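Nothing here was measured: the structure is a model prediction, and the numbers come from that model.
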Amino acid sequence: MNPTLLISSRGIFTSAISHQIIRLSRLRVVDNSEIGKQAMLEGKPPYCFHIYNKLGVGYIGDRVMVAIKGEKKKGILVGLKQNQKRKVPKFDTNNIVLIDDNGTPLGTRIHVPIPHILRTILKEKTHSKGADYTKLIAIASRFI
């Protein structure tokens with residue numbers, strides 16, 4: 001048998017492409033925070049290194065910890081590539097909005113449309129003593 005044919009017929013890929021948000025997933029900052037704009041212009045987007053849920057996979061509305069320009073920041077996932085539940089749109093990129101510890105967004109505007117269901121998801125996660133995510137919904141100008 002021809003050895004070149006044998007080498008070219010072997011599969012190189014070991015797993016399918018994962019569109020899920022897991023550890024070390026690259027994200028796109030979609031607000032106008034200063035640190036987010038600088039990182040995206042330099043071509044060094046933030047990557048996720050912790051997801052605040054029990055599954056270890058990020059979904060719309062989940063909090064994540066990201067490394068951006070050598071700093072640790074928290075963010076909320078507002079758009080994902082992966083297949084979603086019914087009536088939740090699928091995006092071309094994995095989008096994040098950076099927040100501080102209180103849940104207040106670092107930016108003042110969100111550049112992309114965010115899913116309408118995010119309103120109900122974030123209102124459920126807002127507690128009287130915990131983080132306040134209603135400010136994130138307030139700075140969004142467009143909903144899908």
Mind jotting down which residue pairs meet the ring pair (Phe, Tyr, Trp, His ring centres under 6.0 Å) criterion with at least one end in residues 106-126? Sequence neighbours excluded, please. none
Checking Ile96 against Val66 for the side chain to side chain contact (heavy atoms under 4.5 Å, CB included) test, could you report, in this order, the C-alpha distance in whole Å, the side-chain angles of both residues, the deciding distance, and whether it holds? CA-CA 10 Å; Ile96 189 173; Val66 295; 3.6 Å; yes
Less than 3.5 Å apart, any donor N or O on the side chain of Asn94 or Ser25 sitting next to an acceptor on the other? no
Let me confirm one number: the OG1-CG distance from Thr104 to Leu136, rounded to the nearest 0.5 Å. 10.0 Å
Please indicate whether Arg26 has more than 12 foreign heavy atoms, meaning atoms of other residues, nucleotides or ligands, lying under 6.0 Å from its CZ. yes
Testing the 3.5 Å rule here: is there a donor-acceptor pair between the side chains of Ser33 and Asp31? yes
Are the side chains of Leu80 and Ile60 in touch, meaning some heavy atoms are under 4.5 Å apart? yes
Pair Leu118-Ile137, side chain to side chain contact (heavy atoms under 4.5 Å, CB included): steps then yes or no: CA-CA 8 Å; Leu118 197 61; Ile137 296 168; 5.8 Å; no
Can a donor-acceptor pair be found, under 3.5 Å and without considering hydrogens, that links the side chain of Asn95 to the backbone of Leu77? no
Check: Arg63 side chain, Gly75 main-chain N or O, donor-acceptor pair, under 3.5 Å: no
4.5 Å side-chain heavy-atom contact, Leu27 and Cys48: yes
Should the pair Lys69-Glu71 be classified as a salt bridge under the 4.0 Å nitrogen-to-oxygen rule? no
Evaluate the criterion salt bridge (Lys or Arg N to Asp or Glu O under 4.0 Å) for residue pair Asp101 and Lys74; output intermediate values, then yes/no. CA-CA 7 Å; Asp101 292 333; Lys74 291 182 182 176; 3.5 Å; yes
Any pair counted as ring pair (Phe, Tyr, Trp, His ring centres under 6.0 Å), so long as it reaches residues 31-75, sequence neighbours left out: His50-Tyr52
How about Lys37: does its NZ atom have over 12 heavy atoms from other parts shown lying under 6.0 Å from it? yes
